[in-house]
Q: 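Attaching a single structure in structure tokens format; questions to follow.
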There are 2 protein chains.
Amino acid sequence: MATIGDVARAAGVSLSTVSYVISGKRPISQPTRERVERAIRELAFHPHAGAQALASARSNVIALMVPFRPGINVAIIMEFVAGVVTAARTFDHDVLLLTEEDVQEIDRVAARSLADAVIVMDVESEDPRLPSLRALDRPAVLIGVPEDTSGLACVDLDFAAAGRLATRTLIDAGHTHIALIGASRERFARRANYAVRMRDGVVEQAARSGLEVHVLPCDPTYAGGSDVLARLLTDHPDVTGLVVHNEAALAGIVDALDRAGRPVPSGMSVVAINVANIAEGLRRPVDSITVPGHDIGRIAVQMAMARLEQDGPGETRLVAPTLTPHGSVAPPA
Amino acid sequence: MATIGDVARAAGVSLSTVSYVISGKRPISQPTRERVERAIRELAFHPHAGAQALASARSNVIALMVPFRPGINVAIIMEFVAGVVTAARTFDHDVLLLTEEDVQEIDRVAARSLADAVIVMDVESEDPRLPSLRALDRPAVLIGVPEDTSGLACVDLDFAAAGRLATRTLIDAGHTHIALIGASRERFARRANYAVRMRDGVVEQAARSGLEVHVLPCDPTYAGGSDVLARLLTDHPDVTGLVVHNEAALAGIVDALDRAGRPVPSGMSVVAINVANIAEGLRRPVDSITVPGHDIGRIAVQMAMARLEQDGPGETRLVAPTLTPHGSVAPPA
DNA sequence: GAGAGAATTCGAAGCGCTTCGATACCGTGC
DNA sequence: GCACGGTATCGAAGCGCTTCGAATTCTCTC
């Protein structure tokens, strides 16, 4: 492995000059710069990460804490992760993966100066990691919005706005009997701030038009969707507009509507919130508000980088939802 | 941040003594060790990762290259990743995430001494990364088995054995007309060594009993499963035993069998190969050979660590399949 | 009780890089 | 021709740790 000293010798300059060429922190004359760059190329020189970290007190690594507990929506997780890694690379940073959802892991990585910043995914309303994150001596960005955001940097989809948007879409099409098929009961109860925010957005928007919404929790499976839909058609046959916030159940719901003689969109209008590329794989495509996992990951990195430059106050960034129509909303029969 | 010097002062010993207490590379007397350990605890000392890496030429980091291209089975990917990270931590290593499936990324991470070893997932038969991996100056472990394994360390499920096991299970139950619903046509064609190995295992085992197998490629969707099954029942109504190697289509297949009046297992015996926790979520549970993602990830780490100790020759480790019965195989009607 | 040998601990060099102050060199203006 | 302000480059210190050889202390043995 070539060292910076080898480069300096090859280019006939001092060690520090090479360093300044690489970092750009001091002006270097055109000819010298070129000689150095040529030497770097010819020796295939890459600075030793550890040495850089030691001398500069910067590791150029972001730690990313990913949830691996069962029942999590892996597709969206992967999208976040991909977004974070891609964005990190554009800032010349790498990503270190943490999985144990253990406060100590965060502290360890910080104390060892393994990472300059931390991004934590899937933050719950009352997340046990919050105190540590607040006390951390380096930037932390949360994906998800806890109950108390003071002193924290958070980013997420604006689920309330998504709920309002989905509902408004149905109401604008003329629907007056609307239901929300949401997350599982257990998710509503335990954590899942986003499920609650989403529901509140739906309910609020409906209330503005003087409407009530039937809210049905739903198991995150194909069968769960079919079952809940069957129940809905029995209990509330007058419902003509459906907001679905349950990815895994969506196919089951759509297929069950077909079988029940209430096909989308003539028999039932449907708007879904889901990750990208799900809506298109269905028998009948569905108007979708996609969770922009890639964008959220990127924004999280940007926030972390900004805070690395200059520490800022707490801040919550909610990404506005976008609805992609697929012809699944029609006026009620 | 406390340094090793602070610890030394607090414990009244020299710097190197502290280092030896931590690494255990030289004997330290009981009393001194205790004083040092106490100081470490009280100062909450964690060694600076960069300094350690610089001085010891070991970063204690494993680079993990994860595929993020669309159409990949995210569930199994996540299981691998979780297995790798968990195992790495037991070896006191962290995991650095690489996503760009770019040979240069591997070289960069190696040249910068960011990682001691590399684990590459989802290796194709003729993977473009193979030359670089062979030439790498540090251990590389592949998850997946390429065409030419010379000089490489590989680990994967023994898909051929899985195919044989699934088929034998059906044959032992008395089935003589067997079909394999496999990966998508595109997967068979392009990469996906595992799909081919699996198919060959099925065909070989059937041939031993003088049977032929109908092989049907299948889109990895619920609808894809339903559609292929419908076609199967039309073209080959005599088939009574099914091997399914297509996770996403499995639910569609099982449900379609139900609707066609050929419920599992009385109307059709089914054995599936899939990730854990899929088989149980079905309307009718299905005998499953689960891909032990967690184990494979762990083995990959173990192989990398072993090669870090002492470089060895190329080696391919195939994990034996296990079948978990769920009552989906019965004698033919 | 002295010397040999083993058991511990210490000191210093060095890993490869960044960064600060200092030096060398340039053209200007008077 | 000389002091001056810039600009481009150099040198050396230091980041926090590991590791090797040397020094010290302890334990026996005769």
Side-chain angles (χ1 to χ4, degrees), chain A residues 1-37 39-40 43-61 92 108-116 137 308, chain B residues 1-37 39-40 43-61 92 108-116 137 308:
Chain A
M1 293 288 108
T3 73
I4 203 174
D6 300 331
V7 175
R9 201 169 326 111
V13 298
S14 81
L15 239 150
S16 48
T17 301
V18 176
S19 178
Y20 286 124
V21 166
I22 294 173
S23 69
K25 292 194 179 172
R26 279 195 187 177
I28 300 288
S29 71
Q30 186 67 13
T32 337
R33 186 205 308 311
E34 276 167 9
R35 257 184 311 142
V36 170
E37 283 169 347
I40 289 178
L43 295 172
F45 168 74
H46 291 266
H48 187 288
Q52 255 181 335
L54 180 56
S56 68
R58 272 282 210 306
S59 65
N60 275 36
V61 166
D92 199 33
R108 177 180 67 87
V109 161
R112 297 201 60 195
S113 293
L114 258 171
D116 299 331
D137 66 340
L308 224 38
Chain B
M1 292 290 107
T3 73
I4 203 173
D6 299 332
V7 175
R9 202 170 325 112
V13 299
S14 80
L15 239 150
S16 48
T17 302
V18 177
S19 178
Y20 287 123
V21 166
I22 294 174
S23 70
K25 292 192 178 172
R26 280 197 186 176
I28 300 288
S29 71
Q30 185 68 11
T32 340
R33 187 207 306 313
E34 276 167 11
R35 259 184 309 144
V36 170
E37 283 170 348
I40 289 178
L43 294 172
F45 167 74
H46 291 264
H48 187 288
Q52 255 180 336
L54 180 57
S56 69
R58 269 292 181 27
S59 64
N60 274 39
V61 167
D92 199 33
R108 178 180 66 86
V109 161
R112 297 201 59 194
S113 293
L114 257 170
D116 298 334
D137 65 340
L308 223 38

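If you're wondering where the values come from, they're calculated on a predicted model, not measured in any experiment. Lettering of chains follows the sequences in order, A, B, ..., and the numbering in each one begins at 1.
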Q: Can a donor-acceptor pair be found, under 3.5 Å and without considering hydrogens, that links the side chain of A/R35 to the backbone of A/A11?
A: yes

Q: Want to settle it: does B/P31 or B/L54 sit nearer the 5' end of DNA chain C, counting the closest nucleotide to each?
A: B/P31

Q: Whole-Å distance between D/dA8 P and A/E34 CD?
A: 14 Å

Q: Would you say a side-chain N or O of A/S29 is under 4.0 Å from OP1 or OP2 of D/dA8?
A: no

Q: If every non-hydrogen atom of B/S113 is compared with every non-hydrogen atom of B/S59, which pair is closest and at what distance?
A: O-CB, 3.7 Å

Q: Within the structure shown, what part of the strands sits under 4.0 Å from A/S56 by heavy-atom distance: base, sugar-phosphate, or nothing?
A: sugar-phosphate

Q: Tell me the closest heavy-atom pair linking A/Y20 and A/I28, and the distance in Å.
A: CB-CD1, 4.0 Å

Q: Without decimals, in angstroms, what is the distance between A/R26 CZ and D/dT7 P?
A: 13 Å

Q: Could you check A/Y20 against B/G12 and say which one's nearest nucleotide on DNA chain C is further toward the 5' end?
A: B/G12

Q: Tell me the interatomic distance from B/Q30, atom CD, to D/dC26, atom P, rounded to whole angstroms.
A: 17 Å

Q: So A/S19, base contact, sugar-phosphate only, or nothing? Heavy-atom distance under 4.0 Å.
A: base

Q: To the nearest 0.5 Å, how far apart are CD1 in B/I40 and CG in B/D6?
A: 12.0 Å

Q: Identify whether any heavy atom of B/S23 sits under 4.0 Å from a base atom; if not, whether one sits that close to sugar-phosphate; answer base, sugar-phosphate or nothing.
A: nothing

Q: About how many Å separate CZ of A/R33 and OG1 of A/T17, when rounded to the nearest 0.5 Å?
A: 11.5 Å

Q: Indicate, with a heavy-atom threshold strictly under 4.0 Å, whether A/I28 touches base, sugar-phosphate, or nothing.
A: sugar-phosphate

Q: Base, sugar-phosphate alone, or nothing: which one does B/S16 contact when heavy atoms must sit under 4.0 Å apart?
A: base

Q: Output the rounded distance in Å from CG (B/L15) to P (D/dA22).
A: 20 Å

Q: Rounded to the nearest 0.5 Å, what separation is found between the CG atom of A/D92 and the CZ atom of A/R58?
A: 12.0 Å

Q: Would you compute the distance between atom NE2 of A/H46 and atom CD1 of A/I22 and round it to the nearest 0.5 angstrom?
A: 10.5 Å

Q: Hey, where on DNA chain C does chain A first and last touch, going 5' to 3'? Cut-off is any atom under 4.0 Å from a heavy atom.
A: C/dG16 to C/dA22

